[in-house]
Amino acid sequence: MPELPEVEAVCRVARRALAGRRIVSAHIRRRRICLPQTPRQVAAALAGKRCLAVERLGKNILIHLEGATLTVHLRMTGNLYALAHPGLRPRTTSAHLVLDDGRALVFDDPRGLGILRLGRPPGPVGPDPLSREFTPQRFAEMARAGRSPIKVWLMDQRRVAGLGNIYAAEALHRAGIDPRRLASTLRVSRLNRLHAAIVAILAVAVESASRAYRRPGGFADGEWFTAAVYGRDGLPCRRCRRLIRRIPQGGRSTYFCPGCQR
DNA sequence: CTGCCCCTGTAA
DNA sequence: TTACAGGGGCAG
């Protein structure tokens with residue numbers, strides 16, 4: 001479920017629960033979520049440490065502790081939230097941290113694809129689209145070298161960190177760009193429009209997601225985000241009434257309007 | 001680039 | 001029963 005806006009909402013919740021707290025003990029239920037390290041190693045590294053800060057980097061949540069950093073990636077179905085009673089955690093819990101206020105931070109993940117690792121995210125992570133470094137100039141410079149379709153290019157975390165399948169499609173629709181266009185063939189004027197669309201859509205979605213995000217159950221399938229194209233295969237475009245299409249791109253579904261995206 | 005994999009849930 | 005799911009890493 002999570003792209004940048006949802007991760008930001010979860011990050012705020014985690015920050016509120018963890019700020020200034022000490023981790024009494026860590027419990028990791030699924031061995032593979034922290035590979036290649038063992039659950040025992042990770043738990044030992046966390047126990048007794050105080051939390052200094054929590055920040056988001058793209059879709060990663062970085063929990064800064066005394067002398068260590070823990071990176072959480074929610075992947076498809078992960079979620080973090082605080083529970084007053086650790087014993088009440090759901091059976092889909094991948095891991096949980098018992099805190100010195102008696103509460104627990106739960107890493108709930110039904111599909112179990114999420115990741116927990118000591119240290120910072122591996123590999124290069126591009127500029128976060130809500131940060132100062134994400135300027136139209138830098139965006140256009142990067143795109144000039146892009147040899148893949150713009151939608152696939154946008155989803156590469158080394159370029160725009162945090163953009164995923166939904167918001168990449170939504171931003172391209174807002175900017176009126178065909179997702180199949182090669183990144184390097186787009187004019188600067190269109191890249192500027194795309195840059196603005198990305199920032200605008202994410203900014204609104206972050207606030208909306210944070211409001212919608214309450215507790216376990218998280219973003220209950222509510223209508224907290226109204227998609228222009230995502231998931232609307234076969235339905236009329238809200239702008240031009242042409243039918244939205246779905247095509248495979250990079251192994252996932254891309255939704256777009258053949259009428260207003262060229 | 002494509003396809004497969006990690007998992008579980010849900011909808012057609 | 002099959003297809004698909006908002007993520008990402010890997011092999012070919």
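Here is how names work: the chains are called A, B, and so on, in the same order as the sequence lines, proteins then strands, and each is numbered from 1.
Atom pair Asn165(A):CG and dC4(C):P shows a separation of 13 Å (rounding to whole Å applied). We find that CE of Met155(A) is positioned 12 Å from P of dG9(C), with the value rounded to whole Å. Atom C1' of nucleotide dC4(C) and atom CD1 of Ile247(A) are separated by 17 Å, given to the nearest angstrom. Rounding to whole angstrom units, CG of residue Asn60(A) and P of dG6(C) are separated by 18 Å. Across the protein-nucleic acid pair, Arg252(A) atom CZ and dC4(B) atom P stand 15 Å apart, rounded to whole Å. For the pair Ile115(A) CD1 and dG8(C) P, the computed distance is 11 Å after rounding to whole Å. For the pair Asp156(A) CG and dG7(C) C1', the computed distance is 13 Å after rounding to whole Å. Here the P atom of nucleotide dG3(B) and the CD atom of Gln249(A) are 14 Å apart, to the nearest Å.
With respect to Leu118(A), the side chain to side chain contact (heavy atoms under 4.5 Å, CB included) criterion is satisfied by exactly one of Leu46(A), Thr69(A), Thr71(A): Leu46(A). Each of Ile198(A), Ile201(A), Val229(A) was scored for a side chain to side chain contact (heavy atoms under 4.5 Å, CB included) with Arg174(A), with one residue passing: Ile201(A). Partner of Cys34(A) under the side chain to side chain contact (heavy atoms under 4.5 Å, CB included) criterion, out of Leu70(A), Ile115(A), Val42(A): Val42(A) alone.
Nearest nucleotide to the Tyr255(A) side chain, out of dA5(C), dC1(B), dG6(C): dA5(C). Set against dC1(B), dG6(C), dG7(C), the side chain of Pro149(A) has dC1(B) as its closest nucleotide.
Taking 4.5 Å as the limit, some side-chain heavy atom of Ile61(A) sits within range of a side-chain heavy atom of Leu80(A). In this structure, Leu172(A) and Gln261(A) have side chains that are in contact, with non-hydrogen atoms separated by less than 4.5 Å. A 4.5 Å side-chain heavy-atom check between Phe107(A) and Leu74(A) finds at least one atom pair inside the cut-off.
Taking atom P in both dA12(B) and dG6(C), the straight-line distance is 16 Å, to the nearest Å. For the C1' atoms, the distance from dC1(B) to dA5(C) is 23 Å, rounded to whole Å.
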Completion exercise
Heavy-atom contacts, protein to nucleotides 6-12 of chain B, under 4.0 Å, summarised as B (base), S (sugar-phosphate only) or - (none) per nt, yield BBBS---

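When the shell of 6.0 Å around CZ of Arg31(A) is examined, it contains 12 or fewer heavy atoms from other residues, nucleotides or ligands. At most 12 non-hydrogen atoms from other residues, nucleotides or ligands lie less than 6.0 angstrom from CZ of Arg158(A).
Between Phe225(A) and Tyr167(A), the gap from one ring centroid to the other is short of 6.0 Å.
Applying the Watson-Crick and G-U wobble criteria (two distances, each under 3.5 Å), dC4(C) pairs with dG9(B). Pairing for dC4(B) goes to dG9(C), judged as Watson-Crick or G-U wobble with the two contacts each under 3.5 Å.
Among the atoms of the strands shown, only primed sugar atoms or phosphate atoms (P, OP1, OP2) are found under 4.0 Å from some heavy atom of Arg246(A). Within the 4.0 angstrom heavy-atom criterion, only backbone atoms of the sugar-phosphate kind lie near Ser148(A); the bases stay farther away.
Donor-acceptor pairing under 3.5 Å, judged by distance alone, is absent between the side chain of Gln157(A) and the base of dG7(C).
Between the CZ atom of Arg50(A) and the CG atom of Leu18(A) there is a distance of 12.0 Å, given to the nearest 0.5 Å.
Mapped onto DNA chain C by nearest heavy atom, His73(A) and Gly251(A) fall at different nucleotides, with Gly251(A) at the one closer to the 5' end.
For Lys59(A), no side-chain nitrogen or oxygen approaches OP1 or OP2 of dG6(C) to under 4.0 Å. A sub-4.0 Å separation between OP1 or OP2 of dG7(C) and a side-chain N or O of Thr77(A) is absent. Note on Tyr230(A): a side-chain N or O is less than 4.0 Å away from OP1 or OP2 of dG6(C).
The stretch residues 121-129 of chain A has no heavy atom under 4.0 Å from DNA chain C, so no residue of it qualifies as close.
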Handout entry: Criterion salt bridge (charged side-chain N to carboxylate O under 4.0 Å, His left out) on Glu207(A) and Arg211(A), from CA distance to verdict
Key = CA-CA 6 Å; Glu207(A) 294 318 310; Arg211(A) 240 179 290 119; 5.8 Å; no

